[in-house]
Engineer: 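Got a structure for you, questions after.
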Amino acid sequence: MPIDQTKDGITLRHPSGSSVDILFYGATVVSWKVPNETTQLAERLFVSSKAFTDGSKPVRGGIPVVFPCFGAPTHPEHAKLSQHGFARNEIWTFDKVVMDNEAGVSVRLLLDPNPRIASIYAKSFHLAYVVTLAAHQLSTDLHVDNPSTTEAIEFQALLHTYIRAPAEDVRVTPLQGLSYYDKTEADELARATPKIETRSEVDVKKFTDSVYENGPLAYKATWPNGGLEIKARQFKDVVVWNPQEEGRKIADMETDGWKHYICVEPGFVRGFVSLEPGKTWIGQQVLTVIQG
Ligand code: TA6
């Protein structure tokens, strides 16, 4: 299947008409198009029209890769890092085509320490990001290798997926019964106090920024005439975020951009993965169009 490479990224295409665009910057998937039920190509992800894609700041949309910390850093090894870590604002390199057959096409991108990373993060690591496009499915696998022979590394990882959806009509299931942390709470104690999700389906009719712990690894974001399934491996937690009117304060968020997406973000963000020397950890997200 055709793979178009430019200096800034790669586009994969599938005979069904679907396509995915990946920037080398942050290994950020910035477009995933799948024909809808009327065979029109439809964009399934949201990228703000005010997003920077020139590498000057992380892309506001698509699927930013969050590593080695989620949110503001809390681990001593991450003390010099900015929010969500460095993976989403570094230039990754194209390694190779991993698979190319009638089922789909798959490419691998790599990120290794460079002087800028080494100035803020002392641990050795090797990241590989494998993006696979099938007819109605997009898989993104983050491989974290610990090349050290002596030291473990501790990290968090998350795929910050901006699903294109009517935010005022979208529902996320199944989260009922899960323990979650509400980052919109006014004070730190409330933010650190877990609550139990009582809703059978979660909407984002108000500013929502919830970190669900130990989820079922399979979710659906659905709306009238549309929906995506999100499956995860190893990403034991999931974040649901939509800023509503607060989104107007986000410099690179288009006016009312909040109305056009929901973030459902599989991650390992409560606690840290402890990766022993020489070992590899793989977190996977599989997005499948289920309607629309
Ligand atoms: O994943 C949700 C979240 O942590 C929110 O708290 C909000 O900060 C969002 O990520 C966007 O973060 P960013 O650093 O990309 O502006």
Side-chain angles (χ1 to χ4, degrees), residues 23 25-30 45-75 78 80-90 120 140 142 155-165 167 170 172 175 178 180-188 190-192 194-195 197 202-204 206-213 215 219 221 230 232 235-255 257-272 283 285 287:
L23 291 182
Y25 175 66
T28 313
V29 170
V30 290
L45 301 175
F46 171 82
V47 175
S48 166
S49 58
K50 295 172 69 177
F52 292 83
T53 56
D54 61 355
S56 57
K57 69 174 294 188
V59 178
R60 176 65 59 202
I63 308 176
V65 178
V66 172
F67 175 89
C69 62
F70 171 73
T74 57
H75 192 289
H78 306 153
K80 295 181 182 174
L81 303 184
S82 50
Q83 161 142 305
H84 293 338
F86 55 74
R88 66 175 181 166
N89 44 15
E90 288 293 331
I120 55 176
T140 46
L142 179 65
F155 63 87
Q156 298 169 328
L158 170 136
L159 297 180
H160 202 294
T161 308
Y162 287 72
I163 296 169
R164 180 172 289 275
V170 70
V172 182
L175 298 172
L178 294 182
Y180 74 98
Y181 297 82
D182 183 348
K183 291 172 66 178
T184 68
E185 290 281 1
D187 67 75
E188 192 170 340
R191 288 193 295 271
K195 295 187 265 192
E197 182 55 73
V202 170
D203 61 33
V204 286
K206 63 178 179 61
F207 178 15
T208 301
D209 192 355
S210 300
V211 181
Y212 290 86
E213 202 164 15
Y219 312 95
I230 305 103
F235 285 133
K236 67 175 177 69
D237 310 315
V238 63
V239 177
V240 178
W241 175 61
N242 181 284
Q244 296 276 317
E245 299 290 342
E246 292 292 304
R248 296 175 191 273
K249 299 174 187 171
I250 301 173
D252 54 354
M253 179 63 77
E254 68 194 50
T255 307
W258 64 266
K259 292 182 177 176
H260 305 297
Y261 76 88
I262 183 169
C263 277
V264 179
E265 313 161 23
F268 190 120
V269 298
R270 291 292 305 175
F272 296 88
Q285 170 184 264
L287 301 176

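Remember, it's 1-based here, ligands and their atoms both numbered in the order they're listed. What you see is a predicted model, and the numbers here were worked out from it, not measured in a lab.
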Engineer: Could you give all pairs that pass the side chain to side chain donor-acceptor pair (under 3.5 Å) test and reach residues 58-70, with sequence neighbours left out?
Structural biologist: R60-Y162, R60-D252
Engineer: Say whether, by atom type as modelled, one donor and one acceptor occur between the side chain of R191 and the main chain of A186 under 3.5 angstrom.
Structural biologist: yes
Engineer: Taking Q156 for its side chain and V269 for its backbone only, find out whether a donor-acceptor pair lies under 3.5 Å.
Structural biologist: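 Flag set: sc Q156 to bb V269 pair under 3.5 Å.
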Engineer: What residues form a side chain to side chain donor-acceptor pair (under 3.5 Å) with S49, not counting sequence neighbours?
Structural biologist: E254
Engineer: Report the residue from D237, I230, L287 that forms a side-chain contact (heavy atoms from CB on, under 4.5 Å) with P266.
Structural biologist: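 Option passing the side-chain contact (heavy atoms from CB on, under 4.5 Å) with P266: I230.
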Engineer: Looking at residues at least two apart in the chain, or sitting in another chain, which of them share a salt bridge (charged side-chain N to carboxylate O under 4.0 Å, His left out) with K50?
Structural biologist: none
Engineer: So which residues, sorted by chain and number, lie with a heavy atom under 4.0 Å of ligand 1?
Structural biologist: R60, F70, Q83, H84, R88, H160, K183, D209, V239, W241, E265
